[in-house]
Amino acid sequence: MQTPSSSSSIHSLIYACSKLNDFKRVLSLFSRLLYQGHVPDAFLFPTVVKACTALSNIKAGRQVHAIASISGSDSDPFVQSSLVHLYVKCSHLKDARKLLDAMSEPDVVSWSALVAGYARLGRVSEAKEVFEDMENKGIKPNIVCCNGLIAGFNQSGYYLESVSMFRKMHSRGLKHNGTGISSVLPAVGDLEDLILGNQIHGYVIKMGTVSDKCIVSSLIDMYGKCGCSLQMSQVFDEMEALDVGACSALVSGLSRNGFVDEALMVFRQFKDKGVDLNVVSWTSVIAACSQHGKDMEALDLFREMQIAGVKPNSITIPCLLPACGNTATLIHGKAAHGFSIRSGISDDVYVGSALIDMYAKCGRIKTSRLCFDRMPMRNLVSWNAILGGYAMHGKAKEAIEIFHLMQRSGQKPDLVSFTGILSACSQSGLTEEGQCYFNDMSREHGIEPGVEHYTCMVSLLGRAGKLEEAYSMIKKMPFEPDGCVWGALLSFCRVHNNMTLGEIAAKQLFKLEPTNPVNYILLSNIYASKGKWCEVNEVRDMMSKIGLRKDPGCSWIEVKPKAQMLLSQRHFTSSYDPPAHLNRIKPNSIDCNITLQLVIAQVGV
DNA sequence: ATAGGGTTAG
């Protein structure tokens with residue numbers, strides 16, 4: 001390409017490139033112009049600022065702003081307006097506000113951009129203040145301005161604010177359009193406000209906008225979040241044309257309500273019909289699988305997604321990684337890690353946290369820690385991930401260290417953090433420390449222990465042989481103990497062979513989970529240890545009457561590129577069929593001290 | 001010459 005040299009030809013080239021959305025070239029042409037000593041006029045700046053905005057390049061934007069100031073163009077309303085948008089887009093709202101205040105007559109467009117910017121960042125009070133300032137200056141908010149607030153509040157998770165803005169519009173006599181409706185519906189769903197949801201649905205039908213794709217998707221989403229699977233499917237069935245958005249919404253709605261197989265079926269149908277599926281639809285089906293224990297399917301789908309040429313993003317990876325962790329397929333986890341580095345999303349706080357968890361579950365706690373240390377930004381999820389990792393590995397010292405470090409860095413612990421620290425103490429036999437942390441929960445942190453914390457305490461005390469204390473812990477629980485609590489007690493009654501409490505726990509468990517064979521076996525083992533053979537037989541009879549058989553225990557290890565399922569041989573019977581997705585090659589008696597038999601399972605490729 | 005609002009995945 002010939003390179004233009006005269007300033008006027010560069011000028012027109014800049015406009016041309018902007019029209020073609022080639023914003024990078026706009027900036028490089030602009031710098032060439034400056035290099036030639038040309039001082040741009042006020043007409044050129046808006047186009048150049050627009051390029052910075054499109055690229056979210058605040059650094060270049062500030063430079064352009066400075067040049068505009070020096071050349072006196074910064075008093076031009078077009079230049080000012082474009083700069084306001086630049087700063088809003090880059091989340092520098094203070095600068096945007098300063099600029100807006102300096103403008104002689106800012107219009108509703110500039111105000112709207114700023115207000116929406118505050119709402120998107122979840123800065124509720126400032127958004128409202130600026131909104132009022134605008135009205136006080138005599139500028140009437142229009143429908144676009146209100147929709148910006150509704151959408152912004154929804155995006156930042158302030159669902160009540162979103163809905164109340166929607167209502168405010170209504171009471172002011174402003175008519176809603178498709179944009180406002182599809183922005184408020186997700187918030188309605190999160191609030192599970194079915195009444196409002198139904199009203200809006202009626203409004204949509206009356207307006208005749210049922211064919212609007214975004215509205216359909218958000219209606220499906222709303223009904224899904226409210227647990228109305230039937231209405232959800234109805235909206236879907238009445239839809240005019242197949243739509244990717246509706247597909248994603250339906251898949252996640254079905255999965256949310258426990259219909260995982262149906263979700264997978266819907267996805268398959270869409271794919272077979274040749275609908276152009278995007279990252280969101282792929283991610284929603286991968287999430288559906290990994291959230292419901294279908295780890296193999298999640299891994300397969302991820303592969304399929306890449307074959308389909310759809311690029312995973314920073315949401316896909318955290319959805320996939322639990323599947324790698326649960327199957328302990330380090331090779332897939334590492335591949336996903338490599339992918340996130342190559343695509344520049346490894347600094348994302350959710351990606352990082354999911355990596356920490358995956359490496360911990362694959363037995364690589366040191367790599368976990370490395371990931372944690374290298375994170376440029378951490379949040380509660382990241383702290384809990386490394387804390388849980390140490391707990392999982394029985395490393396109480398490190399867990400405690402992290403627990404204090406997080407607080408010193410200004411991160412308050414939550415229920416999950418306490419589950420981590422308590423289970424770490426429990427596993428390492430740090431009985432007193434665990435009790436201290438448990439007592440601190442409500443006393444120091446104002447967090448009321450939940451059932452999982454009581455379970456940790458029962459284990460902690462039970463492991464230490466303090467079974468009576470564990471039992472009184474259960475008795476003073478402020479809610480009904482569940483199977484996990486009683487299960488923890490029964491397990492440690494077996495360890496210490498305490499028949500009295502073991503019988504109490506077992507009795508509860510037989511009611512709560514009558515078909516769990518483990519409970520029967522634990523109790524019968526306690527009886528056996530006391531030589532109570534009659535009772536042993538009674539329990540065995542109960543089991544066979546219900547038709548229970550102990551499933552083989554199972555866990556995963558990885559030997560080179562294959563994942564292996566470990567089954568405990570004692571219960572391994574020839575009638576046991578491994579899950580269908582395991583392509584069993586041959587039961588391979590690799591000698592693992594008599595108790596283990598390896599079933600080679602092929603995972604992925 | 002500039003310019004504001006939408007759904008679905010964690």
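Below, read A as the first sequence line, B as the second, and so on, with proteins coming before strands; counting in each chain starts at 1. Values below: every heavy atom of this structure, side chains too, minus hydrogens, waters and symmetry copies.
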Q: Extract, from 5' to 3' on DNA chain B, the first and final nucleotides lying under 4.0 angstrom from some heavy atom of chain A.
A: B/dA1 to B/dG10
Regarding [X], tell me which of base, sugar-phosphate or nothing describes its non-hydrogen contacts under 4.0 Å with the strands shown.
X        : result
A/Asp348 : base
A/Asp76  : base
A/Ser284 : sugar-phosphate
A/Ser281 : nothing
A/Asn142 : base
A/Leu83  : nothing
A/Thr47  : sugar-phosphate
A/Ala116 : nothing

(Q) Among residues at least two apart in sequence or on other chains, which ones pass salt bridge (Lys or Arg N to Asp or Glu O under 4.0 Å) with A/Asp74? (A) none
(Q) What residues from residues 185-208 of chain A pass a heavy-atom cutoff of under 4.0 Å to DNA chain B? (A) A/Pro186
Q.
Going by the rule ring-ring contact (aromatic ring centres under 6.0 Å, His included), which residues pair with A/Tyr118 if we only count those two or more places apart in sequence or in a different chain?
A. none
Taking NZ, NE, NH1 and NH2 as the nitrogens, is one of them in [X] or [Y] under 4.0 Å from a carboxylate oxygen of the other?
X        : Y        : result
A/Arg374 : A/Asp347 : no
A/Glu135 : A/Lys168 : no
A/Arg97  : A/Glu126 : no

Q. Is there a donor-acceptor contact under 3.5 Å from the side chain of A/Arg378 to the main chain of A/Val349?
A. no
Q | Set of side-chain contact (heavy atoms from CB on, under 4.5 Å) partners for A/Ile341, sequence neighbours left out | A | A/His337, A/Ser346
**Q.** Whether over 12 other heavy atoms sit under 6.0 Å from A/Phe259 CZ
**A.** no
**Q.** ring pair (Phe, Tyr, Trp, His ring centres under 6.0 Å) pairs, two or more places apart, involving residues 8-30 of chain A
**A.** A/His11-A/His38
